[in-house]
Amino acid sequence: MSSTRRQYPFHLIEPKWQRYWDQAQSFRAWNPGERLPAGHPFAVRHGLEGQQPSAAELPPKYYILDMFPYPSGAGLHVGHPEGYTATDILARYRRAGGFNVLHPMGWDAFGLPAEQQAVRTGQHPRTTTEASVANFRRQIKSLGFSYDWTREVDTTDPNYFKWTQWIFLQLYQAWFNPHTRRAEPLSTLPEPPELKTDADVRAYRDRHRLAYVSEAPVNWCPELGTVLANEEVIDGKSEVGGFPVVRKPMRQWMLRITAYAERLLQDLDTIDWSESLKEMQRNWIGRSEGAEVLFTVLAPAVDRPPSPADPAFALPVFTTRPDTLFGATYMVLAPEHPFLDAWLAQGLIPPDWPPGTPREWTGGAPTPREAIRQYREQCASKSDLERTELAKEKTGVFTGAQAQNPVNGQAIPVWIADYVLLSYGTGAIMAVPGHDTRDLEFAEKYHLPILQVVQPHDPATPWRGFVGNGLAVNSTGPHVSISGLPTPAAKRTITAWLESRQLGRAAVNYKLRDWLFSRQRYWGEPFPIVWIDGQHAALPEDQLPVLLPALDDYKPTPDGQPPLARADAWVRQPDGAQRETNTMPQWAGSCWYYLRYLAPDNRERLVCPAAEQYWMGTAPAPQTSAAVTPAPPPGTPPTHGGRPAPTPGVDLYVGGTEHAVLHLLYARFWHKVLFDLGLVSTAEPFFKLVNQGLILGEDGQKMSKSRGNVINPDDILVEYGADAFRLYEMFMGPLEMVKPWSTRGVEGVYRFLGRVWRLFVDEASETEFEQNCAAQPAQAPEFLGRIALNPGIVDAPPTAAQARTLHACIKKVTEDLDALRFNTAISALMIFTNEAMTWPAKPRSLLREFLVLLHPFAPHLAEELWAKLDAPRGGSPAALAYAPWPAYEPSRLVEDTLEIPVQVNGKLRDRIQVPAAATDADLERAALAAPKAQPFLAGKTIRKVIVVPRKLVNIAVS
RNA sequence: GCGCGCGUGGCGGAAUGGCAGACGCGCCAGACUUAGGAUCUGGUCCCGCAAGGGGUGGAGGUUCGAGUCCUCUCGCGCGCACCA
């Protein structure tokens with residue numbers, strides 16, 4: 001393959017233009033108030049040379065963002081450039097459309113792989129990270145993306161993570177006010193009068209912070225030496241490495257994302273994301289509506305009468321089906337439930353099994369107390385993995401206690417079982433085996449009663465295990481009845497009754513948990529927190545950034561202490577305070593990087609408000625300018641006064657589905673906190689989001705080293721060049737689709753670029769060029785400039801047919817780019833090229849417009865040909881990167897005659913030529929006379945003739 | 001199990017309810033050539049010499065007309081998974 005002759009000298013063209021763009025800072029994006037240098041093509045295009053335009057004077061903004069990569073040692077794979085190419089094409093298209101485009105790139109460079117290498121080799125993670133970043137930057141630059149490299153960010157740069165730490169302090173100093181539904185400074189937190197001591201006040205405030213300390217059990221991974229977030233645990237194993245994970249209580253920093261559950265859910269309706277992605281976020285948040293119901297624990301051995309009003313006896317449960325309360329035949333607590341300890345202490349657990357307790361309920365233990373102890377021990381020793389694997393067979397034991405159902409006064413046994421989770425709802429359930437699959441399974445195993453309380457609407461459906469809506473039956477108690485009511489009404493009625501008796505209330509629960517934010521690792525942002533006498537305290541802002549100390553050994557200590565605990569001198573402060581030794585998770589830096597791009601060099605602020613408002617689209621709309629009339633971006637929201645309103649937030653964010661919940665939910669959460677605190681001006685960060693589909697290996701399997709089907713972009717670039725690589729990545733199929741790689745496919749688009757090249761250049765002078773290069777390789781760049789234009793290129797006006805070909809191409813490419821249909825846009829460019837190759841005379845003006853259409857896709861080749869096209873006449877009219885996007889003229893698309901298919905009963909029978917101006921009646925007449933249709937009309941009655949103007953005629957006969 | 005998405009040539013994929021298979025790959029034939037794994041031209045859904053017939057996972061339905069809309073069904077992919 002490498003012996004084949006190059007289709008065109010991309011190896012000279014591509015570095016040439018990459019150097020040019022770099023030196024000219026062609027893709028620098030300008031903030032409001034910045035001075036635009038004379039001669040910069042953006043300033044020239046918009047008449048702003050040497051000026052300092054305000055937000056209102058700048059053209060409309062377009063913020064197009066890639067998910068920045070974790071720079072791994074392995075370098076780019078072909079999946080990275082897929083999204084990056086799509087956004088680059090859009091960025092170039094929008095520049096041509098007259099927008100001020102912000103298109104930045106950076107590095108999400110904290111993280112586990114660099115740290116694991118440090119553990120293995122003792123090399124500082126900074127060293128490996130820098131090498132990886134340099135390699136990634138080289139690879140990305142070799143693809144010719146139009147990033148504004150002056151805005152490059154790196155999450156491990158102290159000037160960057162200073163602000164990550166600063167944001168953490170804002171979370172630490174804020175609480176969520178449930179009445180305003182916003183984050184507010186702790187100073188607005190009302191302090192209840194019953195708080196007596198300073199310690200009480202302090203504890204109260206600490207309990208309300210958005211960043212707080214928790215002792216709850218966490219997912220501890222001994223192999224990785226760290227705690228993992230729930231999201232990082234898959235089937236009881238670590239997402240990274242697949243190591244076993246166990247539950248272990250540890251002191252951890254948590255972020256109160258649950259306070260934002262409702263807003264994170266509701267605001268999904270305001271953003272333009274794919275339905276499937278929104279659905280994943282909805283599922284993750286997991287809102288469910290129902291009721292909290294108070295059961296009462298019966299305590300024959302205690303002298304007080306049990307009452308739901310007495311907190312010692314109240315047992316609250318959450319249920320989404322309060323209408324099935326009459327069917328509750330037992331209750332279950334999570335084994336770790338703290339109530340159990342209280343009950344044990346208060347004597348609510350009887351000393352002996354109640355008479356008649358079946359042996360299978362006792363777990364073989366002589367007393368309830370012993371049964372509880374044994375079962376709890378058994379659960380604690382199980383890893384999450386075992387819990388999940390054993391999920392098929394539910395287990396549990398009877399506690400010996402009974403509880404009273406508030407709706408009918410019935411006493412039912414209270415169990416503990418690990419199919420009930422402490423962390424959801426109240427950690428306790430009422431079990432309705434008649435109408436809940438899990439309860440049914442459990443009840444069948446332990447022979448607990450199963451009652452029908454819902455009748456399915458379809459009488460043929462068996463009621464046992466029926467979980468849908470129906471009619472309430474057998475649901476009448478001494479004080480309330482819902483029998484006969486349909487499920488929704490039954491829910492409302494019973495909830496209202498419970499509320500009136502103070503036995504329950506309507507309630508909403510979320511699956512979403514607070515975000516476990518600390519890691520027992522080295523290579524992350526240190527917390528801006530110190531501990532004094534066991535109390536945490538914020539470091540003052542002027543002490544940021546908190547830098548990482550130097551270490552010899554990056555391993556965690558065997559007892560789970562983070563590596564930072566080894567840095568004695570760093571941990572111990574002069575005043576006796578001790579630094580927090582956890583670090584932040586990798587998600588922290590990526591939660592806000594899109595904001596840092598807006599003003600990366602600002603030392604005073606996270607982001608300056610003028611830049612933030614301009615780029616996030618909340619600055620006052622620019623004045624209408626006749627010079628700038630950009631096409632509205634895709635998914636444009638309502639217009640203000642006739643011109644497109646700026647999109648709120650990032651206009652387009654492209655990245656992989658692997659971040660569908662984690663990164664995207666965390667970033668939305670931080671953004672909302674910053675919004676509440678007045679630091680940003682939009683409620684959502686990313687207005688439109690698109691997931692690029694995975695690229696599989698040529699064998700249709702996921703690319704992986706072990707399968708040996710990994711494609712390295714560097715190899716493709718050497719062989720075919722960056723333009724061909726970019727083009728192929730987009731030509732494979734729709735951006736969002738999963739699709740297999742095909743190197744043969746690359747050759748196809750490569751040949752297309754070769755045809756474009758030959759459309760523009762003179763064959764004889766190219767042959768000469770090749771001979772010269774072979775003789776004197778060192779002078780190849782010079783010879784490149786001597787290649788002459790194709791002599792067929794003329795300054796004559798285009799024919800109508802030629803103009804039609806171009807304008808059809810403009811129309812298709814424009815519409816396809818607006819809809820992100822890159823594959824069909826490329827096909828339109830191919831159609832134009834194939835057509836233009838046949839023209840003996842090729843009008844220069846048409847070819848020039850074609851290059852504007854081509855340049856977002858194949859920028860290097862387009863720039864080279866653009867320069868060459870006008871070189872004989874003293875150079876190009878303007879820089880291609882800022883040449884205006886051509887508009888298609890509908891009048892140019894009109895044909896004189898149309899070919900109209902004629903159908904009989906919906907089957908194609910003939911095609912007729914008619915003048916474009918033909919009326920419906922003309923069409924009908926011509927169609928009825930169509931020769932090949934005659935045999936199918938003969939002897940038939942014509943019932944109806946459908947004429948689709950300019951499209952088709954269908955004759956219905958009987 | 002639940003939720004979401006997708007099924008079209010040998011392959012990747014095109015088709016606002018209106019000529020199914022654009023464009024590309026592969027393949028076949030031809031031209032140029034010392035040569036071709038370069039380039040150019042033509043062909044390429046299936047059956048049929050043709051006329052014609054059949055065809056978008058399968059079965060129904062709506063419509064003058066269905067790859068597209070509706071119902072059922074099968075297959076594949078992704079996500080969640082004891083969340084009460």
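Here is how names work: the chains are called A, B, and so on, in the same order as the sequence lines, proteins then strands, and each is numbered from 1. Just so you know, these numbers use all the heavy atoms, side chains as well, and skip hydrogens, waters and symmetry mates.
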- [ ] Considering just the side-chain nitrogens and oxygens of A:Arg821, establish if one lies under 4.0 Å of OP1 or OP2 belonging to B:rU16.
- [x] no
TODO: Return the value, rounded to whole Å, for the distance between atom NZ of A:Lys278 and atom C1' of B:rC4.
DONE: 14 Å
TODO: Give a yes/no on whether any side-chain N or O of A:Arg758 is located under 4.0 angstrom from OP1 or OP2 of B:rC40.
DONE: yes
Open item on the list: Under 4.0 Å, counting only non-hydrogen atoms across every strand here, what does A:Lys739 touch: a base, just sugar-phosphate, or nothing?
Closed with: sugar-phosphate
Open item on the list: Students often get this wrong, so: under 4.0 angstrom with heavy atoms, is A:Asn834 touching a base, only sugar-phosphate, or nothing?
Closed with: sugar-phosphate
Open item on the list: Any side-chain N or O of A:Gln281 below 4.0 angstrom from OP1/OP2 of B:rG79?
Closed with: no
TODO: Indicate, with a heavy-atom threshold strictly under 4.0 Å, whether A:Pro734 touches base, sugar-phosphate, or nothing.
DONE: sugar-phosphate
- [ ] Mind checking A:Gln903 for me? I need base, sugar-phosphate or nothing, with any heavy atom below 4.0 Å counting as a touch.
- [x] base
- [ ] Identify whether any heavy atom of A:Arg287 sits under 4.0 Å from a base atom; if not, whether one sits that close to sugar-phosphate; answer base, sugar-phosphate or nothing.
- [x] nothing
Are any protein N/O atoms closer than 3.5 Å to N/O atoms in nucleotides 26-33 of chain B? If there are, list each pair with its distance.
| from | atom 1 | to | atom 2 | distance (Å) |
| --- | --- | --- | --- | --- |
| B:rG26 | OP2 | A:Arg751 | NH2 | 3.0 |

Task: Integer angstrom distance from the C1' of B:rC45 to that of B:rA38 - done: 30 Å
Task: Sub-4.0 Å heavy-atom contacts from residues 694-703 of chain A onto RNA chain B, ordered by number - done: none
TODO: Consider the side chain of A:Ile946, meaning its heavy atoms from C-beta on, and name the nucleotide among B:rG13, B:rA84, B:rG18 that approaches it most closely.
DONE: B:rG18
- [ ] Go through the side-chain N and O atoms of A:Gln934 and A:Arg909 and say whether any donor and acceptor fall under 3.5 Å apart.
- [x] no
Open item on the list: With no hydrogens and no angle check, just 3.5 Å: does a side-chain donor-acceptor pair link A:Asp723 and A:Tyr750?
Closed with: no
TODO: Identify whether any heavy atom of A:Ser742 sits under 4.0 Å from a base atom; if not, whether one sits that close to sugar-phosphate; answer base, sugar-phosphate or nothing.
DONE: nothing
Open item on the list: Does B:rA81 have OP1 or OP2 under 4.0 Å away from a side-chain N or O of A:Asn283?
Closed with: no
- [ ] Counting Watson-Crick and G-U wobble pairs whose two distances are both under 3.5 Å, find the runs of 3 or more in a row that involve RNA chain B.
- [x] B:1-7 with B:74-80, B:10-12 with B:23-25, B:26-31 with B:39-44, B:45-47 with B:52-54, B:57-61 with B:69-73
Open item on the list: Using a heavy-atom cut-off of 4.0 Å across all strands, would you classify A:Ser288 as base, sugar-phosphate, or nothing?
Closed with: sugar-phosphate
Task: Interatomic spacing from CZ in A:Phe725 to CD1 in A:Ile711 - rounded to 0.5 Å - done: 9.0 Å
- [ ] May I ask you to say what A:Met430 touches in the nucleic acid, namely base, sugar-phosphate or nothing, with a heavy-atom cut-off under 4.0 Å?
- [x] nothing
- [ ] Would you mind classifying the nucleic acid contact of A:Asn905 as base, sugar-phosphate or nothing, using non-hydrogen atoms under 4.0 angstrom?
- [x] nothing
- [ ] Verify whether one side chain among A:Trp273 and A:Gln281 offers a donor that lies under 3.5 Å from an acceptor in the other.
- [x] no
- [ ] Under 4.0 Å between any heavy atoms, over every strand shown, what does A:Ile831 touch: base, sugar-phosphate, or nothing? Just pick one.
- [x] sugar-phosphate
Task: Nucleotide of B:rG12, B:rG13, B:rC82 approaching A:Phe731 most closely (side-chain heavy atoms) - done: B:rG12
Open item on the list: Can you give me the closest heavy-atom contact between A:Pro406 and A:Val293, atom names plus distance?
Closed with: CG-CG1, 3.6 Å
Open item on the list: Whether the A:Tyr728 and A:Thr85 side chains hold a donor-acceptor pair (N or O, under 3.5 Å, no angle test) is what I'd like checked.
Closed with: no
TODO: Determine whether the side chains of A:Thr743 and A:Tyr720 contain a donor N or O and an acceptor N or O closer than 3.5 Å.
DONE: no
TODO: Determine whether the side chains of A:Thr258 and A:Arg513 contain a donor N or O and an acceptor N or O closer than 3.5 Å.
DONE: no
Open item on the list: Between B:rU8 and B:rC2, how far apart are the two C1' atoms, rounded to whole Å?
Closed with: 30 Å
Open item on the list: By the 4.0 Å heavy-atom rule, please label A:Val332 as base, sugar-phosphate, or nothing.
Closed with: nothing
TODO: Just do the ring-ring contact (aromatic ring centres under 6.0 Å, His included) check on A:Trp757 and A:Phe10 with the steps written out, would you?
DONE: CA-CA 10 Å; A:Trp757 171 254; A:Phe10 63 84; over 10 Å; no
Task: Side-chain N,O (A:Lys907) to OP1/OP2 (B:rG54) below 4.0 Å - done: yes
Open item on the list: Could you measure the distance from the CG atom of A:Asp816 to the CZ atom of A:Phe822? Nearest 0.5 Å is fine.
Closed with: 10.0 Å
TODO: Please tell me which of the listed nucleotides, B:rG53, B:rC82, B:rC64, lies nearest to the side chain of A:Lys394?
DONE: B:rC82
